[in-house]
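Notes for the one structure printed next.
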2 protein chains.
Amino acid sequence: MTNSCLIAKLGRFTELSEADKRLLAILEEDEREYRKDQIVRRAGRPVEYLFVVKSGWLTSFSMLEDGRRQLLRIFYPGDIVDLSEIALHQAQHDIKCVTAAVLCPFPKAGLEPLFSQSPRLTALLFSMTVKENAALLDRIRAIGRLSAYERLCYLLLEISSRLRLTVNGIEDGFRLPLTQSDIADLLGLTNVYVSKTMSRIERDRLIQRQGNRVQILDLKRMRDVCEYSENATIDTSWFPLGD
Amino acid sequence: MTNSCLIAKLGRFTELSEADKRLLAILEEDEREYRKDQIVRRAGRPVEYLFVVKSGWLTSFSMLEDGRRQLLRIFYPGDIVDLSEIALHQAQHDIKCVTAAVLCPFPKAGLEPLFSQSPRLTALLFSMTVKENAALLDRIRAIGRLSAYERLCYLLLEISSRLRLTVNGIEDGFRLPLTQSDIADLLGLTNVYVSKTMSRIERDRLIQRQGNRVQILDLKRMRDVCEYSENATIDTSWFPLGD
DNA sequence: CGAACAGTTGAGGCGCGTCAAACTTGGTGG
DNA sequence: CCACCAAGTTTGACGCGCCTCAACTGTTCG
């Protein structure tokens, strides 16, 4: 319980009571290791288990018959995979590991005590979903209306902002385990054009790369390029009181 | 309460107790009329009120400094505008009326009794948010990886599927109050190309148009074109029991 | 009747895709 | 510790889908 990823992430947004922490810790009792590229769940299968991400990056994606692929979401440590499918009978998307990962599976019904015993945790989970929602809207804006150059700046900002929730000190850069094909499929581009555009961004001294490490050199200019402002905090004023 | 839009929509997914219905009806006590094109809320403003849509279509959108615009969401009768902003301090997007509309404003805190008194309604609202989330993922796939022709087929299917939730008998077509510029801004295209592509879709006898009414002629082929399958039902098996 | 707005149509251009061939990197086994 | 291979990245030539600009055609409503 002391090293629960969920508690670590959720605790950033609001004070958690001991009871709440216990409810969350139950979700991480089990633990399973996954290899890089391993499929965690296939689209069309019933959603029986959800997973807390303990370590590693995962992604959900959608394939078209002719091979086109769209990456939909990245899951980081502290996320619940896939909270968004809980309301559906069948999984809509494939989910696979971008890196080796450790996941904590729990049955869908495992959320029930949380909903019935802690209105405050419920509101928090609700807020997390809503926040994710806001992130999806940002991506729609990016894919729909930004140029490739702008989209890449946006993605790097989004990733670094998300990493800041669970990782400390990324000012000197962070490891980016996504391939350029992954990045292309996240943003509606091709790997070739991602490569060319990343080089331009680096030449413009907005970022610096070595291997798969990326460092953002000029945060302000990056933000201006894609008109992206992250808002990390959530409004907890409407939350029911803790018990 | 008898003509509550919320109850009408939510009741399609699960049985509502009388107590639940009362909780929902409170949200629609107030009522206000809006003109076509009227701004309901500006980005950057604090989110104090949410709205139940009683009639009309609204949209949320994001503007870039140079005038580019991305429509993010369409709100139909029975929706809550903008449930997704509840977790944030400031509104992220502008919201305006596509048609004349009647909205029921209620303060953000108005949801509190619902969260604290009815775990079942909470789970339902949560599911609605999650379902909306799934719809956003579909749009990301469409904008990121589908051609203009495929995107338009997708959008028409999505709209007709959403309308089926509150309107009966759209088999003989439905009114589409969006301009082609709106449609373009929803899908990351331009009004000119939407016009040309819509004509192609009509020439291919997938749809038929007159004025702003649209009728889908060949549902199966439409679905095949964009590989889109709607899933209307939600899984309520994990819901806490009603009181 | 005319202004304002939405839709249509055509000509030409550009951003990003496609294809293909080098080059770099990191992991693996001898 | 080096040699090797597979996977990922880079680079260049060329093409296409969608954009831009612009003129024209309804259509609605004072």
Side-chain angles (χ1 to χ4, degrees), chain A residues 35-37 57 59 64 66-71 96-100 142-155 175-203 207-214 225-226, chain B residues 35-37 57 59 64 66-71 96-100 142-155 175-203 207-214 225-226:
Chain A
R35 299 183 314 278
K36 179 169 143 73
D37 292 329
W57 291 27
T59 182
L64 296 178
D66 63 1
R68 283 177 287 181
R69 185 179 72 148
Q70 176 69 45
L71 292 202
K96 80 168 190 184
C97 300
V98 172
T99 68
I143 300 178
R145 285 296 177 228
L146 298 189
S147 70
Y149 192 99
E150 294 163 337
R151 279 182 229 183
L152 278 164
C153 289
Y154 148 77
L155 182 66
R175 203 175 139 262
L176 184 65
L178 302 168
T179 67
Q180 292 187 350
S181 294
D182 291 335
I183 294 174
D185 289 341
L186 269 169
L187 296 177
L189 298 167
T190 59
N191 59 341
V192 174
Y193 207 66
V194 166
S195 170
K196 290 178 183 176
T197 308
M198 284 282 257
S199 301
R200 265 174 60 214
I201 295 176
E202 188 168 26
R203 191 161 45 237
I207 64 168
Q208 192 167 3
R209 292 178 295 168
Q210 40 189 346
N212 57 16
R213 285 193 67 83
V214 178
V225 165
C226 55
Chain B
R35 296 182 315 278
K36 179 167 144 69
D37 293 328
W57 290 29
T59 182
L64 297 177
D66 64 1
R68 282 177 287 180
R69 185 180 73 147
Q70 177 69 45
L71 292 203
K96 81 168 191 187
C97 300
V98 172
T99 67
I143 300 178
R145 283 299 176 226
L146 299 189
S147 69
Y149 191 99
E150 294 163 336
R151 278 182 230 182
L152 278 164
C153 288
Y154 149 78
L155 182 66
R175 205 175 138 262
L176 185 66
L178 302 168
T179 68
Q180 293 188 346
S181 294
D182 292 335
I183 295 174
D185 289 343
L186 269 169
L187 296 176
L189 298 167
T190 58
N191 59 342
V192 174
Y193 208 64
V194 166
S195 170
K196 290 177 184 178
T197 308
M198 284 282 257
S199 301
R200 265 173 63 214
I201 296 177
E202 188 168 27
R203 189 160 346 113
I207 64 167
Q208 193 167 0
R209 292 180 294 169
Q210 40 190 347
N212 58 14
R213 285 191 70 82
V214 177
V225 164
C226 55

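Naming: A, B, ... by sequence-line order, numbering from 1 per chain.
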If I take atom CG in residue A/L189 and atom P in nucleotide D/dG17, what distance separates them, rounded to the nearest angstrom? 18 Å
Remember a base hit wins even if backbone is also touched, and classify B/S147 as base, sugar-phosphate or nothing at under 4.0 Å, heavy atoms. sugar-phosphate
Are B/L64 and B/R69 side-chain neighbours, meaning at least one heavy-atom pair lies under 4.5 Å? no
Separation of D/dC19 atom P from B/D185 atom CG, nearest Å, is 11 Å
B/L178 CG to C/dC5 P, straight-line distance once rounded to whole Å: 18 Å
Between P on D/dA7 and NZ on A/K36, what's the gap in Å once rounded to a whole number? 10 Å
Of A/V194 and A/N212, the one whose closest DNA chain C nucleotide lies more 5': A/V194
For B/Q210 and C/dA6, give me the distance from atom CD to atom P, rounded to whole Å. 21 Å
Are A/V194 and A/T197 side-chain neighbours, meaning at least one heavy-atom pair lies under 4.5 Å? no
At under 4.0 Å between heavy atoms, what does A/R209 touch on the DNA or RNA strands: base, sugar-phosphate, or nothing? sugar-phosphate
A/E150 and A/S147: side-chain donor and acceptor closer than 3.5 Å? yes
Walking DNA chain D from its 5' end, the first of B/R200 and A/S181 to be reached, judged by nearest nucleotide, is A/S181
Between D/dT9, D/dC18, C/dT9, spot the one nearest the side chain of B/A148, thanks. D/dC18
Nearest whole angstrom, please: distance from the C1' of C/dG7 to the CG of B/L176. 13 Å
Any A/S195 side-chain nitrogen or oxygen under 4.0 Å from OP1 or OP2 of D/dT10: yes
Is any side-chain heavy atom of A/I201 less than 4.5 Å from a side-chain heavy atom of A/C153? yes
In whole angstroms, how far is the P atom of D/dC19 from the CD atom of B/Q180? 13 Å
No-H, no-angle donor-acceptor pair, A/K196 side chain to D/dG12 base, under 3.5 Å: yes
How many whole angstroms separate atom OH of B/Y193 from atom P of D/dC16? 13 Å
Taking the side chain of A/V192 as its heavy atoms from C-beta onward, which of D/dT11, C/dT9, D/dC19 lies nearest to it? D/dT11
Taking C-beta and beyond as the side chain, do A/V98 and A/L178 meet within less than 4.5 Å on heavy atoms? yes
Heavy atoms under 4.0 Å, any strand shown: does B/T179 hit a base, just sugar-phosphate, or nothing? sugar-phosphate
